[in-house]
Amino acid sequence: MTSLRLFFLVTLVAALVLAAPAPARRAPSALKKRSFKVPRSLNKNHPRGLNGFDAMKKVAFKYNLASLKEGFIASTKTSDDMITADNKPKITAAQNGTNGTGTVSANPEDNAALFLSPVSVGGQTLNLDFDSGSSDLWVFSTDLPAAATQGHSAFDASKSSTFKVMEGAQFSISYGDGSGAAGTVGTDVVEIGGVSVQNQAVELANAVSMSFVQDTNTDGLVGLAFSQLNTVNNGQKATPQKTFFDNVMGDLDQPVFTADLDPDGTGTYEFGTIDQSKFTGAMAWVPVNASSGFWQFDSASFAVDGKVQKNPAASKAIADTGTSLLLVDQAVAEAYYSKVQGAQNNAQVGGFIYPCNAKLPDFAVAVGPDAMATIPGAAVTFATVDQANTTCFGGIQGNQGAGLQIYGDTMFKAQFVAFNGGNQSLGFGAKPSI
Ligand SMILES: *[C@@H]1O[C@H](CO)[C@@H](O)[C@H](O)[C@H]1NC(C)=O
Ligand SMILES: *[C@@H]1O[C@H](CO)[C@@H](O)[C@H](O)[C@H]1NC(C)=O
Ligand SMILES: *[C@@H]1O[C@H](CO)[C@@H](O)[C@H](O)[C@H]1NC(C)=O
Ligand SMILES: *[C@@H]1O[C@H](CO)[C@@H](O)[C@H](O)[C@H]1NC(C)=O
Ligand SMILES: *[C@@H]1O[C@H](CO)[C@@H](O)[C@H](O)[C@H]1NC(C)=O
């Protein structure tokens with residue numbers, strides 16, 4: 001799944017000044033403090049996985065990084081048409097076409113979610129993508145035409161005795177690449193890893209973009225960024241609903257969830273506890289500035305092979321489990337690849353590539369003023385570029401002056417990361433072996 005969540009920054013500003021969402025009631029059983037785990041598994045139905053080019057394109061459009069997007073506009077081939085039930089409004093942004101007007105539709109396979117975790121909504125199990133870069137919990141629903149739900153688990157509200165319609169509420173996630181979803185809203189019992197929230201806002205898609213339709217293993221998303229990014233509204237104004245994490249936070253042993261991703265991208269999300277056996281040394285904590293709605297923090301220096309250097313641009317960084325790459329300020333990426341024999345920034349491929357047999361130095365990014373999070377050289381490669389596996393695409397890439405550093409899976413595979421919603425901070429612990 002892809003998403004241009006910065007697209008929502010406008011919505012977000014509105015949301016910030018509007019009323020806080022109604023509190024959800026919780027199951028009595030969930031009132032006992034506890035923790036729980038949920039696996040993240042590889043999406044075997046993903047049409048072909050993400051290659052480097054797609055991964056760059058995805059993040060460029062996800063965050064609407066204008067400078068980065070330019071290179072991809074010409075390469076866009078098909079539009080990501082909305083599939084919608086009759087008489088349902090289409091998402092206007094989805095028709096904003098491939099004409100190079102600023103929003104560009106991506107190929108369906110570019111958008112598919114690679115990693116999924118099981119979630120029960122009103123007793124019906126769906127495979128959802130956990131995303132720390134957005135805040136909507138939306139699902140495929142039987143309001144969609146049958147053609148769109150084929151191969152998916154679609155939530156049927158009429159078969160849930162606990163579902164309640166939220167009168168007049170709607171949602172519309174129009175990702176800047178033309179993918180998206182829209183529909184109605186209700187509440188239901190949502191259970192993840194054995195812990196349930198009684199009145200979780202659940203967004204029922206009655207329109208989804210083609211990319212979601214084609215990725216038959218993805219039935220929706222669980223947004224884990226801050227609730228102010230939630231797109232639910234009553235037609236007149238934003239009425240942002242709480243995320244699952246916000247609702248369950250008070251019931252947990254500790255108000256945290258952790259992302260523990262393996263090199264192949266599978267792994268575990270754990271809520272309520274920080275498993276000390278999953279990282280070596282002490283966890284480095286950095287305060288998060290949640291005013292953007294993202295898990296955003298300062299990252300003003302970096303290191304190549306242990307040599308710490310100042311990052312002159314020092315753009316803010318965000319931790320995003322929904323992005324594949326580690327996107328840093330351009331000068332940082334250039335500094336790194338200047339130490340890689342044969343590396344070049346190749347516009348056609350969409351970023352920095354190098355011979356796969358090159359020796360890759362360790363890389364580190366600052367997490368706050370005092371700590372560094374290291375990505376060992378052996379964990380830097382994202383994908384091979386050619387069939388013969390001689391040229392590799394780096395998992396570290398430049399943001400071309402976009403003004404935001406986006407730390408995705410390249411970082412999560414090397415760092416065990418704790419998201420603390422209590423004191424709004426992120427904890428980083430080096431994973432023992434990768
Ligand atoms: C299409 O994109 C352009 C450029 O970003 C924007 O100005 C326009 O409002 C969009 N139109 C629709 C219908 O979303
Ligand atoms: C894109 O171009 C086609 C043909 O050139 C045109 O029919 C269509 O209206 C354009 N769409 C947008 C969103 O500009
Ligand atoms: C936040 O809480 C954690 C415990 O979960 C603690 O170790 C850390 O120091 C705190 N961070 C900040 C920035 O207060
Ligand atoms: C947090 O970020 C916002 C912009 O997103 C900025 O205006 C504000 O000054 C920041 N706060 C701190 C404490 O850095
Ligand atoms: C290239 O790597 C892929 C994935 O690891 C593997 O399946 C394929 O056999 C390799 N091709 C060659 C020519 O080594």
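The first residue of the sequence shown is numbered 1, and numbering continues consecutively from there. As the structure lists them, so they are numbered: ligands from 1, and atoms in each ligand from 1.
If you number the atoms of ligand 3 from 1 as listed, the ones under 4.0 Å from a heavy atom of Asn420 come out as 1 (C), 2 (O), 3 (C), 4 (C), 5 (O). Close approach of ligand 3 to Ser425 is summarised as follows: ligand atoms under 4.0 Å from at least one heavy atom of the residue are 1 (C), 11 (N), 13 (C). Within ligand 5, the atoms closer than 4.0 Å to a non-hydrogen atom of Gln387 are 11 (N), 12 (C), 13 (C), numbered from 1 in the order shown.
Ion pairing between Lys316 and Asp298 holds under the 4.0 Å rule for side-chain N and carboxylate O.
The side-chain hydrogen bond (donor to acceptor under 3.5 Å, both in side chains) check on Asp305 picks up nothing, with sequence neighbours excluded. Listed by chain and residue number, Asp275 satisfy the side-chain hydrogen bond (donor to acceptor under 3.5 Å, both in side chains) test with Ser277 (two or more places apart in sequence, or in another chain).
With no hydrogens or angles considered, a side-chain donor-acceptor pair links Asp329 and Ser315 at under 3.5 Å.
No donor-acceptor pair closer than 3.5 Å links the side chain of Gln424 to the backbone N or O of Pro287. Between the side chain of Trp138 and the main chain of Gly183, no donor-acceptor pair closer than 3.5 Å is present.
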Report all N/O contacts between ligand 4 and the protein shorter than 3.5 Å as a table of atom names and distances to 0.1 Å; if there are none, say 'none'.
| from | atom 1 | to | atom 2 | distance (Å) |
| --- | --- | --- | --- | --- |
| ligand 4 | 2 (O) | Asn289 | OD1 | 3.4 |
| ligand 4 | 2 (O) | Asn289 | ND2 | 2.2 |
| ligand 4 | 2 (O) | Ser291 | OG | 3.1 |
| ligand 4 | 5 (O) | Ser291 | OG | 3.3 |
| ligand 4 | 11 (N) | Asn289 | ND2 | 2.9 |

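Each disulfide (SG to SG under 2.5 Å) pair with one or both residues in residues 356-395, not counting sequence neighbours, appears once here: Cys356-Cys392.
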